[in-house]
Q: 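There's a structure below that I have some questions on.
Note that the coordinates shown come from a computational prediction; the quantities given were computed from them, not determined experimentally.
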Amino acid sequence: MDYNSTTPLLPKVQEVYIKELNFYTNASSLYEGGRLGAKKIEKARKQVASLVGAHQPKEIVFTASGTESTNTIFNTMIFEGKKRNRNLIVTTKIEHPAVIQSVKRLKSFGFECEYLPVTSEGFVNIESYETAMNKKPLLVSIMTANNEIGTIMNIKNLCQKAHAAGALFHTDAVQAVGKIPFNAKEMGIDYASFSAHKIYGPKGVGALYIKEKSPIQPLLCGGEQEFNLRAGTYNVVGIVAFGVAAEEALLNVKANSDTIKKLRNRLANGLLKAIPNSTINGPLSTSLNQLNKKNNASPALRELPNTLNVSFPGAEGESILLHLDLLGISVSTGSACASASLDASHVLVAIGLDPALAHSSIRFSIGMFTTEKEIDFVVRKVPVIIDQLRKMSPFYT
């Protein structure tokens with residue numbers, strides 16, 4: 001129940017990955033083995049480019065993670081800010097830690113940073129956004145889909161407004177790609193970050209979309225790999241497996257999304273029915289109401305098909321997580337990249353939850369290997385745990 005944290009390898013990806021472990025040649029070498037490695041990488045580049053709707057394959061640069069991809073963009077702004085004589089970075093209060101921390105780092109270089117508020121469902125406050133655009137920012141960075149509550153932003157519209165203000169636009173698309181259709185060309189974005197292990201590929205490999213002619217500076221120097229933009233010996237095994245995962249995602253995104261959404265809705269309705277005073281966080285609450293009223297009519301795509309964030313007042317999130325873990329059920333209380341923190345989720349606080357309620361929240365996220373049997377198991381077990389914890393709480397009535 002924690003697919004937003006990571007995903008298992010698809011059998012086809014695992015097969016290719018194991019096979020490629022026998023390929024040990026440095027892909028930058030000029031002899032036959034190196035040329036073969038380079039050919040494998042270019043095939044994967046085309047596969048990833050097709051998945052994300054790039055104009056052309058060379059707009060894809062392979063990295064070690066989505067986090068590295070994001071850091072590369074913010075590092076570029078240090079140089080670009082001087083050229084353009086702009087120093088304002090605009091983002092939202094619900095971004096992934098990779099963006100939040102990168103923005104904070106730029107402050108030490110003299111940049112101004114503005115964290116935009118969001119609605120109770122996690123959408124960007126448009127009035128605040130337009131006011132920020134009037135300040136002529138250098139870069140706008142807004143995630144395509146939120147990793148905790150699943151909110152899907154209107155990136156195309158936000159990007160158009162940013163470009164009208166002369167700003168560059170980056171989106172963290174790590175949670176979106178493979179779950180919903182994503183087309184960089186159609187959105188008009190300048191940059192986007194991706195990660196293989198969120199789409200049933202291996203960990204340790206990511207990608208960065210850089211629209212042709214968009215400014216870019218390498219984060220890692222010391223080699224000519226990736227068009228002189230990302231030094232370091234190629235992880236051929238990981239890149240090839242990423243390519244296969246991307247190809248499979250492109251083929252199956254619609255079918256997987258429809259199947260997973262039905263399971264997610266089954267989980268949501270089951271928990272809400274069995275547990276009094278439980279509430280859904282994010283746009284799914286509205287979408288489910290529309291769905292149930294319209295006899296299974298499909299509402300507009302406003303949230304990820306696999307993500308469910310629920311608050312259980314009177315039960316502490318970490319306690320719920322540990323009790324579920326004893327039953328073999330893996331969930332999250334927020335972003336996996338912030339799991340060492342005991343602070344309330346910054347995403348839930350940003351959408352208006354008080355810290356106590358935010359601390360009582362659990363994120364369930366499912367995937368293509370999740371079964372109906374597993375959903376029903378969770379629906380049976382969670383209410384028992386919540387009831388036990390509420391009885392122990394001196395504050396819950």
Q: What are the two closest heavy atoms between Val331 and Arg363, and how far apart are they?
A: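 Heavy atoms of Val331 and Arg363 come nearest at CB-O, 3.8 Å.
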
Q: So, are Arg230 and Glu68 salt-bridged, with charged N and O less than 4.0 Å apart?
A: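 Counted as a salt bridge, because a side-chain N and a carboxylate O are separated by less than 4.0 Å.
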
Q: For the hydrophobic clusters of this structure (ILVMFWY residues joined by side-chain heavy atoms under 4.5 Å, transitively), does one cluster hold both Ile375 and Phe377?
A: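 Hydrophobic grouping puts Ile375 with Phe377.
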
Q: Do Ile351 and Thr119 come within less than 4.5 Å of each other through their side chains, counting heavy atoms only?
A: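 In short, these two side chains do not touch, never coming nearer than 4.5 Å.
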
Q: Between Cys159 and Tyr129, which heavy-atom pair has the shortest distance, and what is it?
A: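 Result for this residue pair: N-OH, 4.4 Å.
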
Q: Which atom names give the shortest non-hydrogen contact between Val13 and Gly201, and what distance separates them?
A: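 Where Val13 meets Gly201 most closely, the heavy atoms are CG1-CA, 4.2 Å.
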
Q: Check the side chains of Ser345 and Glu148 for a donor-acceptor pair under 3.5 angstrom, ignoring hydrogens and angles.
A: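 Yes, a side-chain donor-acceptor pair sits under 3.5 Å.
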
Q: Please enumerate all residues that pass salt bridge (Lys or Arg N to Asp or Glu O under 4.0 Å) together with Arg105, with sequence neighbours excluded.
A: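 Per chain and number, Arg105 pairs via salt bridge (Lys or Arg N to Asp or Glu O under 4.0 Å) with no residue.
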
Q: Do Lys93 and Val118 come close enough that some side-chain heavy atom pair is under 4.5 Å?
A: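 Counting from C-beta outward, Lys93 and Val118 never come under 4.5 Å.
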
Q: Return the NE2 to OG1 distance between His170 and Thr76, rounded to the nearest 0.5 Å.
A: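 Answer for the NE2-OG1 pair, His170 versus Thr76, is 10.5 Å.
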
Q: Between Ser278 (side chain only) and Ile275 (backbone N and O only), is there a donor and an acceptor less than 3.5 Å apart?
A: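 Yes; at least one donor-acceptor contact below 3.5 Å.
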
Q: So if you build clusters from Ile, Leu, Val, Met, Phe, Trp, Tyr with side-chain heavy-atom gaps below 4.5 Å, do Val205 and Leu220 land together?
A: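 No; tracing contacts between hydrophobic side chains, which count when under 4.5 Å, never links both residues.
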
Q: Checking side-chain polar atoms at under 3.5 Å, does Ser5 have a donor or acceptor matched by the opposite partner on Ser332?
A: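 Ser5 vs Ser332: no donor-acceptor pair found between side chains.
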
Q: Is Glu112 salt-bridged to Lys135, cutoff N-O under 4.0 Å?
A: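 No, this pair does not count.
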
Q: Using the rule given for ring-ring contact (aromatic ring centres under 6.0 Å, His included), can you reason through Tyr3 versus Phe369, listing the C-alpha separation, both sets of side-chain angles and the distance that settles it, and then say yes or no?
A: CA-CA 10 Å; Tyr3 274 70; Phe369 295 113; 7.1 Å; no

Q: What distance separates Ser365 OG from Asn306 CG, expressed to the nearest 0.5 Å?
A: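 That separation rounds to 6.0 Å.
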
Q: Other members of the hydrophobic cluster containing Ile100, with the 4.5 Å side-chain heavy-atom rule, please.
A: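 ILVMFWY cluster around Ile100 also holds Val61, Ile73, Phe74, Met77, Ile78, Phe79, Ile89, Val99, Val103, Leu106, Phe109, Phe111, Tyr115, Leu138, Leu139, Leu168, Tyr191, Leu208, Ile210, Ile216, Phe227, Leu229.
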
Q: Rounded to the nearest 0.5 Å, what's the gap from CG on Leu9 to NZ on Lys12? Could you check?
A: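 If we round to the nearest 0.5 Å, Leu9:CG and Lys12:NZ are 14.0 Å apart.
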
Q: Return the minimal non-hydrogen interatomic distance between Leu250 and Leu51, and the atom names on each side.
A: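 Between these two residues, the closest heavy atoms are N-CD1, 3.7 Å.
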
Q: More than 12 heavy atoms of other residues, nucleotides or ligands under 6.0 Å from CG of Asn85: yes or no?
A: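 Counting neighbours around CG of Asn85, 12 or fewer heavy atoms of other residues, nucleotides or ligands fall under 6.0 Å, so no.
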
Q: Look at atom CG of Leu21 and say whether more than 12 heavy atoms of other residues, nucleotides or ligands are closer to it than 6.0 Å.
A: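 Yes.
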
Q: Taking the side chain as every heavy atom from C-beta outward, state whether Asn147 and Met143 have any pair of such atoms under 4.5 Å apart.
A: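 Yes, side chains in contact.
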
Q: Is it the case that Thr6 and Lys203 place a side-chain donor and acceptor less than 3.5 Å from each other?
A: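 A pair is found: one side chain offers a donor N or O, the other an acceptor, under 3.5 Å apart.
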
Q: Any heavy-atom pair between the side chains of Glu80 and Gln217 that's under 4.5 Å?
A: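 They are not in contact (no side-chain heavy atoms under 4.5 Å apart), so the answer is no.
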
Q: If the condition is side chain to side chain donor-acceptor pair (under 3.5 Å), which residues does Glu130 pass it with, not counting sequence neighbours?
A: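 Counting only residues at least two positions away or on another chain, Glu130 forms a side chain to side chain donor-acceptor pair (under 3.5 Å) with Lys161.
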
Q: Do Ser69 and Thr63 pair up side chain to side chain, a donor and an acceptor below 3.5 Å, judged on atom types alone?
A: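 Looking only at side-chain atoms, Thr63 and Ser69 do form a donor-acceptor pair, the distance falling under 3.5 Å.
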
Q: Does one side chain, of His197 or Thr7, offer a donor that lies under 3.5 Å from an acceptor on the other?
A: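 Their side chains do not contain a donor-acceptor pair, so the 3.5 Å distance test is not met.
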
Q: Under the rule for salt bridge (Lys or Arg N to Asp or Glu O under 4.0 Å), what residues qualify as partners of Lys19, not counting sequence neighbours?
A: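 For Lys19 there are no salt bridge (Lys or Arg N to Asp or Glu O under 4.0 Å) partners, ignoring immediate neighbours.
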
Q: Using the test salt bridge (Lys or Arg N to Asp or Glu O under 4.0 Å), find all partners of Arg45 that sit at least two apart in sequence or belong to another chain.
A: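 Checked Arg45 against salt bridge (Lys or Arg N to Asp or Glu O under 4.0 Å); matches are Glu42, Glu226.
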
Q: Answer yes or no: is there an ion pair linking Glu59 with Lys211, defined by an N-O contact shorter than 4.0 Å?
A: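 Lys211 and Glu59: not salt-bridged.
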
Q: Is there a path of hydrophobic side-chain contacts, each under 4.5 Å between heavy atoms of I/L/V/M/F/W/Y residues, joining Val349 to Phe312?
A: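 Looking at the clustering, Val349 is in a separate group from Phe312.
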
Q: Please check if any side-chain donor atom of Lys179 sits under 3.5 Å from a side-chain acceptor atom of Asn4, or the reverse.
A: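 A donor-acceptor contact under 3.5 Å links the two side chains.
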
Q: Would you check if Ile142 and Val140 make a side-chain contact, meaning some heavy-atom pair closer than 4.5 Å?
A: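 Result yes, sub-4.5 Å side-chain heavy-atom pair found.
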
Q: Taking atom types as modelled, find out whether Ser287 and Gln290 have a side-chain donor-acceptor pair closer than 3.5 angstrom.
A: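 Judged by distance alone, the side chains do not pair up.
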
Q: Can you tell me if Ser29 uses its side chain to pair, donor with acceptor, with the backbone of Asn26 under 3.5 Å?
A: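 Checked: pair present.
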
Q: Is there a side-chain contact between Met1 and Ser330 in this structure, where contact means two heavy atoms from C-beta onward sitting under 4.5 Å apart?
A: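 When only atoms from C-beta onward are counted, Ser330 and Met1 do not touch, as no gap falls below 4.5 Å.
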
Q: Using side chain to side chain contact (heavy atoms under 4.5 Å, CB included) as the criterion, list what pairs up with Gln101, not counting sequence neighbours.
A: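 Gln101 satisfies side chain to side chain contact (heavy atoms under 4.5 Å, CB included) with Lys104 only.
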
Q: Whether the Glu316 and Ser360 side chains hold a donor-acceptor pair (N or O, under 3.5 Å, no angle test) is what I'd like checked.
A: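 No.
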
Q: I would like to know whether Glu121 and Thr151 meet side chain to side chain donor-acceptor pair (under 3.5 Å); could you show each step before the answer?
A: CA-CA 7 Å; Glu121 293 186 326; Thr151 306; over 6 Å; no

Q: Are Ile362 and Val384 connected in the hydrophobic side-chain network, where two residues link if heavy atoms are under 4.5 Å apart?
A: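 No, Ile362 does not connect to Val384 through the hydrophobic network.
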
Q: Do His96 and Asn146 meet the criterion of a side-chain donor-acceptor pair at a distance under 3.5 Å?
A: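 Not at all, the side chains of His96 and Asn146 share no donor-acceptor pair under 3.5 Å.
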
Q: Flag yes if more than 12 heavy atoms outside Gln56 fall under 6.0 Å of its CD atom; otherwise flag no.
A: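 Above 12, so yes.
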
Q: Is there side-chain contact between Ile60 and Val52, with heavy atoms separated by less than 4.5 Å?
A: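 In contact.
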
Q: How far does CG of Asn154 sit from CZ of Phe123, to the nearest 0.5 angstrom?
A: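 With rounding to 0.5 Å, CG (Asn154) is 9.5 Å from CZ (Phe123).
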
Q: Ignoring hydrogens and geometry beyond distance, is a side-chain donor-acceptor pair present between Tyr396 and Asn277 at under 3.5 Å?
A: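 A pair is found: one side chain offers a donor N or O, the other an acceptor, under 3.5 Å apart.
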
Q: How about Tyr234 and Phe62: are their ring centroids closer than 6.0 Å?
A: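 No, the ring of Tyr234 stays outside the 6.0 Å limit from the ring of Phe62, centre to centre.
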
Q: Taking the side chain from Ser195 and the backbone from Lys198, do they hold a donor-acceptor pair closer than 3.5 Å?
A: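 No, because the side chain of Ser195 does not come within donor-acceptor range (under 3.5 Å) of the backbone of Lys198.
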
Q: Consider only side-chain N and O atoms of Thr144 and Thr171, and report whether a donor and an acceptor are under 3.5 Å apart.
A: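 Their side chains do contain a donor-acceptor pair, which is all the 3.5 Å distance test asks for.
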
Q: Do Asn269 and Leu288 have side chains that get closer than 4.5 Å, going by heavy atoms?
A: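 Yes, at least one pair of side-chain atoms sits under 4.5 Å.
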
Q: Does the distance from a Lys or Arg side-chain N to an Asp or Glu carboxylate O, for Asp258 and Lys254, drop under 4.0 Å?
A: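 Between Lys254 and Asp258 there is a salt bridge, with a charged N closer than 4.0 Å to a carboxylate O.
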
Q: About how many Å separate CD of Glu32 and NZ of Lys39, when rounded to the nearest 0.5 Å?
A: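 Answer for the NZ-CD pair, Lys39 versus Glu32, is 10.5 Å.
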
Q: Which pair of heavy atoms, one from Ala344 and one from Ala358, lies closest together, and at what distance?
A: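 That would be CB-CB, 3.9 Å.
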
Q: Measure the CE-CD1 distance between Met133 and Ile126 for me, rounded to the nearest 0.5 Å.
A: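 If we round to the nearest 0.5 Å, Met133:CE and Ile126:CD1 are 10.0 Å apart.
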
Q: Which atom names give the shortest non-hydrogen contact between Val174 and Gly66, and what distance separates them?
A: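 For Val174 versus Gly66, the nearest heavy atoms are CG2-CA, 4.2 Å.
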
Q: Mind checking whether Leu10 and Val16 sit in one hydrophobic cluster, side chains of I, L, V, M, F, W, Y counted as touching below 4.5 Å?
A: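 Yes, Leu10 and Val16 fall within the same hydrophobic cluster.
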
Q: Does a salt bridge link Lys262 with Glu372, judged by any charged N lying under 4.0 Å from a carboxylate O?
A: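 Looking at Lys262 and Glu372, the cut-off is not met.
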
Q: Hydrogens and angles aside, do Ser311 and Asn281 bring a side-chain donor and acceptor to less than 3.5 Å of each other?
A: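 Side-chain D/A pair, Ser311 to Asn281: present.
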
Q: Report yes or no: does Arg302 contribute a side-chain atom to a donor-acceptor pair with the main-chain N or O of Thr286 at less than 3.5 Å?
A: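 No, the answer is negative, given that no donor and acceptor are paired below the 3.5 Å cut-off.
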
Q: Short question: side chain of Thr91, backbone of Ser141 - any donor-acceptor pair under 3.5 Å?
A: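 Yes, Thr91 side chain to Ser141 backbone: donor-acceptor pair under 3.5 Å.
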
